S.K.: 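Shown below is the structure under consideration.
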Amino acid sequence: MATPMHRLIARRQAEANKQHVRCQKCLEFGHWTYECTGKRKYLHRPSRTAELKKALKEKENRLLLQQRSFFPPRVYQHWRNQCRKKGQEKKV
C-alpha cells in the first residue's frame, strides 16, 4: 500500500516528466490532453492510399534508374523498345 510520502514522490516525478509529454489536442508539450485549455489544431496528413501510391512510384523510379545504370544507353533504349513492342502485341 502506498504511503502519503510515496504519493508525494510519484506526483513530483509525474510533474517532472510532463516536460516530455505532448498534448494530443493542441500538439504542444508540457501538459496532458485532459488538462488542455487550447483549441484543437488541424494537422493535414495524406491518406494511406496516397502514401502507398507515392511509395510505389518511388520504387518504380529506383528500378528504372538501376536498369539505366546497368545498361549502356543504346542497349537500354533497344531493350525498352522491345518491351514496348511485346506489350503492344499482347494488347492486339
Side-chain angles (χ1 to χ4, degrees):
M1 201 154 98
T3 64
M5 189 63 174
H6 286 111
R7 288 185 187 141
L8 181 63
I9 292 171
R11 186 177 297 146
R12 285 185 182 167
Q13 287 176 345
E15 290 293 325
N17 290 338
K18 275 188 174 180
Q19 300 171 30
H20 305 291
V21 173
R22 175 177 254 167
C23 174
Q24 296 175 359
K25 184 176 178 184
C26 69
L27 305 176
E28 295 189 14
F29 289 96
H31 62 275
W32 300 101
T33 305
Y34 68 88
E35 299 171 339
C36 186
T37 57
K39 291 186 176 181
R40 184 171 299 279
K41 291 185 180 176
Y42 178 75
L43 181 64
H44 174 73
R45 290 181 250 175
S47 68
R48 182 70 177 142
T49 304
E51 288 180 2
L52 290 171
K53 284 181 181 179
K54 182 179 176 183
L56 184 62
K57 190 173 185 179
E58 288 174 358
K59 186 177 179 181
E60 289 174 355
N61 287 339
R62 269 187 272 134
L63 286 173
L64 283 176
L65 288 175
Q66 287 176 353
Q67 290 171 351
R68 286 182 184 171
S69 64
F70 181 72
F71 294 121
R74 286 185 179 176
V75 175
Y76 175 74
Q77 287 298 329
H78 176 73
W79 174 79
R80 181 90 185 226
N81 290 336
Q82 292 297 323
C83 289
R84 286 183 183 164
K85 287 179 184 177
K86 288 179 184 178
Q88 288 175 355
E89 290 173 4
K90 290 180 182 177
K91 289 180 184 177
V92 174

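Only a predicted model underlies this, so the values are computations on that prediction, with no experimental measurement involved.
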S.K.: Give, for atom CD of Q19 and atom CZ of F29, the distance between the pair rounded to the nearest 0.5 Å.
M.R.: 11.5 Å
S.K.: Please check: side-chain N/O of T33 versus main-chain N/O of Q24, any donor-acceptor pairing under 3.5 Å?
M.R.: yes
S.K.: For K59, enumerate each residue passing the salt bridge (charged side-chain N to carboxylate O under 4.0 Å, His left out) test, keeping only those at least two apart in sequence or located in another chain.
M.R.: none
S.K.: Other members of the hydrophobic cluster containing L43, with the 4.5 Å side-chain heavy-atom rule, please.
M.R.: L27
S.K.: Can you tell me how far NE2 of H31 sits from NZ of K25, rounded to the nearest 0.5 angstrom?
M.R.: 8.5 Å
S.K.: Test of understanding: with side chain to side chain contact (heavy atoms under 4.5 Å, CB included), list the residues that count as partners of L56, not counting sequence neighbours.
M.R.: E60
S.K.: Quick one: side chain to side chain contact (heavy atoms under 4.5 Å, CB included) partners of A50, sequence neighbours excluded?
M.R.: P46, S47
S.K.: Students often mix this up, so state it plainly: with edges at 30° and 60°, are the rings of H44 and Y42 parallel, tilted or perpendicular?
M.R.: tilted
S.K.: So do V21 and W32 actually touch side chain to side chain, heavy atoms under 4.5 Å?
M.R.: yes
S.K.: To the nearest 0.5 Å, what is the distance between SG on C23 and CZ on R40?
M.R.: 8.0 Å
S.K.: Got a sec, which residues hit side-chain hydrogen bond (donor to acceptor under 3.5 Å, both in side chains) with E51, two or more places apart in sequence or on another chain?
M.R.: R48
